Structures are given as C-alpha cells and as structure tokens.
Amino acid sequence: MQLSTALSLVNSNNVTEFQNLTDILSPEIIDAGLKENGVATIRKRKLPMENMVWAVIGMALFRKFPMRQLLNQLDIILPSGMPYVASSAVTQARKKLGSKVIESVFQQTQKQWNQSANHGNWCGLNLLGVDGVVWRTPDTDENSKGFARTGSQHGKASYPQVRMVCQMELTSHLLTNSVFDSVEVNEMNLALGLIDNTPDHSLTLFDRGFYSLGLLHRWQTTGEMRHWLIPLKKNTQYEVIRSFGRQDKLIKLTTTPQSRKKFPELPKTMEARLLTRKIKGKDVQILTSMTDPMRFPPADIIDLYAHRWEIELGFREMKQSLLDNRFTLRSNQPELIRQELWGILLAYNLIRYQMVLMATSLDDIHPNQLSFHGASMHIIHELTQLSFCTPGNIPKYTMNITQAAKQFILPNRRERKYPRLLKCSKDRYPVKKRNAVHLK
C-alpha cells in the first residue's frame with residue numbers, strides 16, 4: 001500500500017486521538033497544487049506527479065538515501081513489472097513537477113496547520129520571528145549561472161549559495177512563510193516578500209540586520225495590528241516626544257530621502273517606542289511599534305526579544321537534525337534547487353505539526369519544549385511503517401507517536417555562566433615568544 005494512501009485512510013478511523021494525520025498532507029491539497037500550476041499525469045506512469053510530491057518531501061526526510069532507494073522506501077512507484085526506475089526518469093519527473101507545486105502545497109498546509117495549532121500569544125498577539133539563512137548548492141555550471149557566490153579577501157566561496165528568509169511562529173516552530181533567492185540578494189529585500197502573508201494581530205521579532213524604517217513602516221501599516229520589535233541600531237538619531245518612565249520613551253525617527261524614494265508611502269518622520277534596560281552591566285535598547293504603555297507593559301517587552309533565538313534553533317533543526325549535517329543540497333539545477341528547498345520546508349513543517357499534536361497530549365508543555373532530533377527520528381520511523389501495515393493497524397502506529405511524547409521533553413534551558421569569547425584562529429606559522437630565555 002502506498003504511503004499517501006495509508007495516510008488518507010487514517011481520517012476515516014476515529015479510534016485514535018491522532019486521527020487527523022491525513023490533514024497534514026491530504027491528497028486533496030496535492031491535487032489542488034497540481035491543478036493550480038497546470039501539472040497533471042495525462043497517462044499512467046510509473047512516477048505519477050501526485051506521488052512525486054512525496055518523493056520531494058522524502059528527499060528531506062530520508063537524507064541518507066539515494067533517490068532510487070528513496071522511491072522504493074516510500075513505495076511510490078506504480079507496479080508495472082519493473083521494481084525500479086532509471087535516474088534520468090526521476091530527474092525528468094522532478095522537472096515536470098517543478099517548484100511551484102511544492103510551494104503551493106507548502107502555503108496551503110502552513111495555513112491549515114497554523115490555524116489548528118492553537119498557538120500561545122502575548123497580550124493577544126501571536127509571536128513571530130524573521131531571520132535569514134544561507135544554503136549551499138552543488139558546484140555545477142547550471143547552479144553557478146543561477147546563484148552567486150559569497151566573496152571575501154581570500155576569494156569566492158567554493159559553492160553557489162542561496163539566501164533564504166523565513167518567518168516562524170515561535171511557540172510551535174511552525175514556519176508561516178519563506179522567500180529565497182541568490183545569495184547576492186539582501187535579506188531586507190527578501191523580507192519584503194513576507195509582508196502580504198503576515199497574519200494580523202501579531203508581533204514579529206527582527207534581528208538588528210533588518211533595521212530599515214521603510215520595511216518596518218510597511219510591515220506595520222499593511223495589515224491590522226502587525227507590530228514589530230527590533231534592537232535599536234547604533235548611533236541612531238532620534239527625538240524624545242514623551243516619557244512614559246525613566247527607561248520607556250516615545251520617540252520620533254527621521255527617515256532619509258533614499259528610503260522615501262524606495263518606499264513612496266514612507267513619511268518624513270515615524271514614531272516608535274524605545275525601551276532601555278541594563279542587562280549584565282550593558283544597556284540594551286529595544287525599538288517597537290507597540291506605543292500603548294497601558295496595553296503593552298514595558299517590563300515584558302525586552303524579555304520578549306530573547307524568544308527571537310527560537311528561529312535560530314529552527315534553522316539548526318533543519319540543517320543538522322533533518323538533513324543530518326549534509327549542508328550541500330542534492331539538486332544540480334536551479335529550478336530543482338528551489339523545488340528541493342520547498343520540500344525541506346514542507347517536510348520540516350510536517351514533523352513540527354506532529355510535534356504540536358504530541359504537545360497537546362501533555363500538560364503545560366509547548367511544542368518547542370520537545371526534542372526535535374528525538375521526535376523527528378521517531379515520527380519518520382512511524383511514517384515508514386504505514387506503507388507496510390494494514391489499514392486496521394494504522395491507529396496502533398499513530399497512537400504510539402503521542403504515547404511516546406513524554407520521552408522527548410527537554411530539560412529546562414541553562415543560563416550561560418561565562419561570557420562569550422572570540423577565540424583567535426590557529427596560525428599557520430609558529431609565533432615567536434617575546435623575552436624568551438635561550439638556554440646554552
């Protein structure tokens with residue numbers, strides 16, 4: 001029985017609490033993505049397009065397997081007398097599928113999963129994080145033409161690279177959107193592609209590298225109650241309008257002519273709230289659009305910024321746990337690189353959503369308090385068993401996932417006892433010590 005068929009049968013059985021496994025990636029969502037992009041299987045093939053969607057997801061779930069073994073593992077080859085397909089046939093099927101189908105499936109599923117995840121919130125706002133990550137691609141002529149290489153004083157990188165900016169819900173680690181392009185494209189320009197799909201009544205935490213008044217103003221004014229929080233850029237000039245407290249002020253920022261040219265809707269001045277707190281002997285200044293001191297208490301706002309690191313943990317989970325530290329992608333062509341990246345994001349969300357269901361079976365446990373490495377290994381193992389069991393036994397396997405949730409609870413995070421230190425890189429040549437005493 002095919003994996004996709006097994007998943008679809010779970011919804012018809014009401015025995016298990018984990019019965020909505022088919023909602024993770026139902027055949028209807030896959031069919032809608034294929035029709036939306038004009039991709040369909042006209043005649044019966046060994047690799048139909050709806051099954052190739054699972055193949056792209058499997059490239060992330062089973063990183064160690066070569067493509068031909070992966071297809072057999074997922075049991076997605078239609079029986080026609082030959083138990084395998086040629087590598088060229090797999091590449092042709094992936095080219096026909098394209099990247100837009102996987103992107104469409106990702107967008108549909110993330111909306112469905114985030115709506116049903118019942119996220120926690122702060123003062124009625126969902127916590128989101130935005131940050132960037134770089135992926136490296138195989139060094140082929142096609143990838144070199146499609147993607148640039150980073151450079152330094154020592155020369156250019158050995159691999160063409162892709163720059164990605166993601167938006168993540170911080171309590172569940174579910175991705176809500178992503179934009180990526182060649183590494184030469186700036187992160188702030190990529191972040192503009194996230195604005196339209198950002199949910200209302202949300203608070204987005206930015207790294208200081210995203211400081212752009214044009215970006216922040218458009219982020220705030222595009223929807224309803226779309227707030228932002230970002231560290232104040234060093235040497236920023238501002239004027240204090242009102243003081244809510246000794247370390248809580250309403251300020252006015254002056255925009256530049258260059259930014260107003262790029263963002264025509266940007267006014268000459270922009271109001272924001274500046275909060276300051278001394279942490280470990282250092283002044284930390286946070287800038288935010290939440291200017292109402294009665295609704296948004298200052299004591300909690302600076303502490304919120306620590307949650308921005310959740311998205312960094314998400315990137316680590318994708319690169320180290322999901323892809324098993326294989327940092328170079330598989331595909332040799334730009335379009336297939338885009339397809340593979342959307343497949344990685346979709347596979348990551350698939351596992352994360354099942355971890356959300358795990359957390360619902362536990363008391364006072366959030367999904368980000370579960371070990372991604374341990375839970376993902378268990379979930380992937382259980383998913384592979386679905387293609388080998390009968391429909392009557394599927395609830396038994398899916399129930400094991402929620403029953404095993406307790407063993408994946410992480411211990412409380414430790415506070416750093418020592419400050420971060422920048423270690424000197426090893427020198428190629430020995431260093432001559434001064435005042436050395438030479439014995440005769």
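Because the structure is a prediction, the values reported are computed rather than measured.
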(request) Please determine if K100 forms a cation-pi arrangement with W342, meaning its NZ or CZ atom is less than 6.0 Å from the six-membered ring centre and no more than 45° off the ring axis. (result) no
(message) Would the distance check show the side chain of E169 and the main-chain N or O of T176 forming a donor-acceptor pair, the cut-off being under 3.5 Å?
(response) no
(message) If the threshold is 4.0 Å, N to carboxylate O, is there a salt bridge linking E340 and R63?
(response) yes
(message) Just to verify, which of L128, N177, L215 counts as forming a side chain to side chain contact (heavy atoms under 4.5 Å, CB included) with L194?
(response) N177
(message) Between N189 and V185 (side chain of the first, backbone of the second, donor and acceptor by atom type, cut-off under 3.5 Å), is there such a pair?
(response) no
(request) Could you tell me whether R338 and E335 have a side-chain N and a carboxylate O separated by less than 4.0 Å? (result) yes
(message) I'd like to know if D324 and K319 make a salt bridge, using a cut-off of under 4.0 Å between side-chain N and carboxylate O.
(response) no
(message) Could you tell me if D131 and Q167 have a donor-acceptor pair between their side chains, going purely by distance under 3.5 Å?
(response) no
(message) ring-ring contact (aromatic ring centres under 6.0 Å, His included), that's the test. Do H227 and F296 meet it? Break it down for me.
(response) CA-CA 11 Å; H227 290 292; F296 306 110; 5.4 Å; yes
(request) Measure from the side-chain N and O atoms of R149 to the backbone N and O of S158, and report whether any donor-acceptor pair falls under 3.5 Å. (result) yes
(request) For the pair T288 (side chain) and M290 (backbone), establish whether a donor and an acceptor sit closer than 3.5 Å, ignoring hydrogens and angles. (result) yes
(message) Here's a test for you: under ring pair (Phe, Tyr, Trp, His ring centres under 6.0 Å), which of F106, W113, F372 qualifies with Y348?
(response) F372
